Amino acid sequence: MNQTSQWEPAIRRVGNDNGKERLKKGKTLMRQKHYDEALLEFSAILENNPDSFDALLGIGSVYMKQNQIQEALSYFAQARALDPLQPKPYLLEGLTLARQAQFDAAEQALRTALSLSPGLSRALAALGEVLVGKQRYEEALMPLREALRHNPQQTAPRWLMARIYAERGDLDKAIAELQTVLEIDPEHARAGGQLARWHMQRGDRAAAVNVLQQTLEHVPKEDSTRYQQLGRLALELECYALAETVFQEIVKRHPRRMTAQLDLAETLIRSAHLDRAEALLKKLSLKNRDAAVWVHKLLGDLYFQRQQFRLAAEQYRAAVLGLPEASSELRALGEAVDQAHLSDWQPQAAAFQPLLDNVMAMQRVRLREERAQRRLARQEEDLE
């Protein structure tokens, strides 16, 4: 009996160590984005210990990253019920709700987290972001500044403060905040891009180009998504040589990336390298509907520059046929192409151009917003 009594604690220690190891492994897998495997580790802990606070938060965090919102909130609520005085469940709940733009509920959860831990910098930053989302800009400055007091190396509060200053027309302060962001993190492509735009807004093209060039030097070329976004900005700023260099690099690394090839073709068209642009566009596959729309649209722009107006109008019509959201005005233009007389081609093509530009710009905004949501999910700070 004595041997048994001495043996049982050893068994318990092995069990506890196993739980700690599983928890550690689950967090590592979650950071590596192996969400299903992480879920298995956290679930195994709960099988042995249904009241594991950390495992409940782990499962909820996995569901949050997978955008399974109700499941995530359910597990955070269970953790909260186990220990109502712990701030972390409220913080995670607030972050989850904020990502769904449920700002009132997110604010309540984050304020509860801060009532339990007033110096929790991540909650302060998140509260500032929620208040920005509710357009309570002046009120948002207080938690954002407080977050920086606790952790001056955070870039998210500075980014939000810059947005607030810009919103109220204080572009000098906005620019100063983003310059500080880039001093802390020279690879912050989003800050570099916005800073370049604000310099352009102030009419300082030289400063805009300088910021863009410096940011491109710091962002790794292997990070093709951010690198390509900066290339798009170079295109917007009419820095065609710089944009071409960026897109050529991406195409070299990723020969099948259609978006980079389309961006390169657009750059060549805008910089009047029409033969090179035409050769590139004619090599691209039209199997993907979205890509085909862009190919036809860009070929239309190319032919319009060459004053080959019939070819331009026909390419624009082909683009419209692939756009279910095209306006009735665009569709009417498309239907009129076959009835056009020889003298009508130039006005036909000219009528297409601004309408198609607007539709394609809206499409680009939509795709950018979708990418931003995915980026937010990917870049969410590790809260463990």
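All heavy atoms count here, side chains included; hydrogens, waters and symmetry mates do not. Everything numeric in this text was worked out from a predicted model, so none of it was measured.
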(request) Identify the two heavy atoms, one from L23 and one from F42, that lie closest to each other, and give their separation to 0.1 Å. (result)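 Taking L23 first and F42 second, the nearest heavy atoms are CD1-CE2, 3.7 Å.
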
(request) List the atom of A277, the atom of A265, and the distance in Å for their closest heavy-atom pair. (result)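 A277 and A265 have their closest heavy atoms at CB-O, 3.8 Å.
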
Between the side chains of [Y] and [X], is the shortest nitrogen-to-carboxylate-oxygen separation below 4.0 Å, so that they form an ion pair?
{"X": "R226", "Y": "E187", "value": "yes"}
{"X": "K297", "Y": "D357", "value": "yes"}
{"X": "E93", "Y": "R80", "value": "yes"}
{"X": "R270", "Y": "E266", "value": "yes"}
{"X": "R253", "Y": "E249", "value": "yes"}
{"X": "E107", "Y": "R136", "value": "yes"}
{"X": "R306", "Y": "E278", "value": "yes"}
{"X": "E138", "Y": "R168", "value": "yes"}
{"X": "E21", "Y": "K25", "value": "no"}

(request) Determine whether the side chains of Q153 and D185 contain a donor N or O and an acceptor N or O closer than 3.5 Å. (result)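 Checked: Q153/D185 side chains show no N/O donor-acceptor pair below 3.5 Å.
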
(request) For atom CZ of R149, decide whether the heavy atoms of other residues, nucleotides or ligands shown that lie under 6.0 angstrom number more than 12. (result) no

(request) Answer yes or no on whether K173 is positioned over the face of Y165, meaning its NZ or CZ is under 6.0 Å from the six-membered ring centre and within 45° of the axis. (result)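 Cation-pi check for K173 and Y165: passes.
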
(request) For the pair F309 and F304, name the ring-plane relationship: parallel under 30°, tilted 30 to 60°, perpendicular over 60°. (result) perpendicular

